[in-house]
Amino acid sequence: MASVLLAHFSDPHLPLAGLPTWREWRFKRVLSLLSWFYRRRHLHAPAPLLQVMQDIEQAHPTLVALTGDMTNLGLLSEFRAAERWLKEQTLPPTLLVPGNHEALVREKNQEKRALWAPWLHMGENSKAPSVLVQNHVALIGVNTAVPSLPFMATGRTGDQQLELLGKTLRTLGESGLCRVVLLHHPPVAHLVQNRKGLTDLNMLQDILRREGAELVLHGHSHRATTCTIPGTSIPVIGTTSASHIASSPQKAAGWNQITITAQPATWDITVQRRALGTDGFMHDSEAGRVYSRHRHLPKTAV
């Protein structure tokens with residue numbers, strides 16, 4: 001089978017599309033709006049994001065994994081602007097999972113979900129993980145975006161989604177697919193502050209330890225990190241914001257170029273970090289990391 005090239009980017013934080021309507025004002029949105037005007041709009045800019053998207057396009061990926069935070073305040077106008085932006089990109093099949101900024105406050109989200117439906121790939125059960133299969137790779141989207149209190153950015157997977165995630169991982173594993181799990185919040189402790197972490201982290205890790213996965217991708221931290229699910233060899237890969245200015249190597253805009261190749265007994269997975277340099281060009285930011293994961297053959301092949 002031919003190799004699959006997966007492009008992973010996250011947290012683009014598209015420019016604010018407008019102020020909240022009178023129905024959308026909430027205290028937490030006021031706080032986020034102040035943060036945007038005084039700090040974040042100077043860090044997240046259209047030019048770095050354009051560089052990242054052009055670099056992704058030139059790589060000709062097979063699949064795209066987008067791990068959330070398209071918006072800043074979770075406004076309907078931002079969802080509409082993000083829909084237009086996604087349509088403008090020349091992306092291959094893409095799986096998008098929401099970030100905490102998409103669920104900043106508790107409100108009806110049916111219209112928002114409908115706007116992003118072509119990229120969310122949700123089934124009839126909104127609590128079930130989303131799945132996108134291309135060739136021998138299955139992207140599995142886990143929604144951790146839930147409203148939280150002011151000054152908090154926690155996420156939660158939820159009991160029902162966790163149960164369905166276990167079944168999904170098992171079924172796709174038995175089908176012989178390379179399982180790549182996507183979520184916004186890091187599935188490992190200490191990558192973000194507790195006020196930004198997953199409240200049911202241990203339960204999610206238990207599912208991954210029991211059912212397995214070949215790779216886990218996340219955003220939220222705005223940092224390029226590599227680690228593993230504790231007690232396993234499952235790689236966990238994070239990335240910086242795709243729109244962050246190139247002020248420091250640790251946070252400069254970038255994306256993960258991931259090549260997945262099926263070998264007779266393994267999945268060979270190479271992760272190459274691409275980052276924006278202070279010279280205004282995209283570069284390989286470090287040597288590529290190579291992972292060899294046990295390959296489960298489908299029952300029909302045994």
Side-chain angles (χ1 to χ4, degrees), residues 6-17 32-33 35-57 59 61 64-75 78-79 81-82 85-86 89 91 94-104 116 119 144-145 153-155 182-188 191-193 195-197 216-227 236-258 271-278 280-286:
L6 171 62
H8 169 222
F9 73 100
S10 193
D11 299 75
H13 290 288
L14 298 175
L16 198 62
S32 289
L33 190 60
S35 174
W36 171 258
F37 277 117
Y38 285 103
R39 187 177 68 89
R40 286 191 288 114
R41 71 187 179 99
H42 302 294
L43 300 176
H44 301 281
L49 180 58
L50 179 60
Q51 289 285 82
V52 167
M53 299 313 296
Q54 288 177 341
D55 200 48
I56 290 175
E57 182 181 1
V64 169
L66 175 47
T67 48
D69 274 3
M70 300 286 291
T71 70
N72 299 285
L73 308 181
L75 303 175
E78 290 184 288
F79 273 75
W85 183 86
L86 285 166
Q89 310 308 307
L91 296 177
T94 298
L95 182 58
L96 163 63
V97 293
N100 60 289
H101 280 264
E102 276 78 74
L104 201 68
W116 289 5
W119 304 277
T144 60
T154 52
L182 281 59
L183 71 167
H184 181 66
H185 293 78
V188 177
L191 292 181
V192 292
Q193 298 170 316
R195 70 179 186 87
K196 296 183 178 182
V216 180
L217 305 175
H218 69 86
H220 194 44
S221 64
H222 291 197
R223 292 183 180 275
T225 55
T226 59
C227 55
V236 176
I237 310 296
T239 184
T240 59
S241 161
S243 63
H244 200 285
I245 60 175
S247 56
S248 67
Q250 293 78 22
K251 289 200 169 186
W255 63 286
N256 291 317
Q257 182 174 289
I258 303 169
V271 181
Q272 177 62 65
R273 167 75 181 160
R274 296 283 293 169
L276 181 64
T278 54
F281 295 96
M282 299 294 296
H283 304 275
D284 289 346
S285 67
E286 58 186 23

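We count residues from 1, following the sequence as given.
The backbone N or O of Asp69 sits less than 3.5 Å from a side-chain atom of Glu102, completing a donor-acceptor pair. Listed for the His13 side chain is a donor-acceptor partner under 3.5 Å among the backbone atoms of Thr71. With hydrogens and angles ignored, the 3.5 Å screen pairs a side-chain donor or acceptor of His184 with a backbone N or O of Thr67.
Annotation for Ala81 and Ala17: closest pair CB-CB, 3.9 Å, computed over non-hydrogen atoms. Nearest heavy atoms, Ala242 versus Phe9: CB-CD1, 3.9 Å.
The shortest side-chain heavy-atom distance between Leu14 and Leu49 falls under the 4.5 Å cut-off. At a threshold of 4.5 Å between non-hydrogen side-chain atoms, the residues Pro249 and Ser285 do not count as touching. Using a 4.5 Å heavy-atom threshold, the side chains of Glu78 and Met70 count as separate. With a 4.5 Å cut-off on side-chain heavy atoms, Leu276 and Val52 do not count as touching. In this structure, the side chains of Trp36 and Leu16 come closer than 4.5 Å at one or more pairs of heavy atoms. Looking at heavy atoms from C-beta onward, Leu66 lies in side-chain contact with Leu86 at the 4.5 angstrom threshold.
If you run side-chain hydrogen bond (donor to acceptor under 3.5 Å, both in side chains) between His222 and each of Asp11, Thr239, Thr240, only Asp11 comes through.
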| task | Might you work through the salt bridge (Lys or Arg N to Asp or Glu O under 4.0 Å) test for Asp284 and Arg274, ending with a clear yes or no? | result | CA-CA 5 Å; Asp284 289 346; Arg274 296 283 293 169; 2.9 Å; yes
| query | Step by step, would you call Ile56 with Gln89 a side chain to side chain contact (heavy atoms under 4.5 Å, CB included)? | reply | CA-CA 10 Å; Ile56 290 175; Gln89 310 308 307; over 6 Å; no
| Full working for side chain to side chain contact (heavy atoms under 4.5 Å, CB included) between Val271 and Thr226 | CA-CA 10 Å; Val271 181; Thr226 59; 5.9 Å; no
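Aromatic ring orientation, His220 versus His185: tilted (interplanar angle from 30° to 60°).
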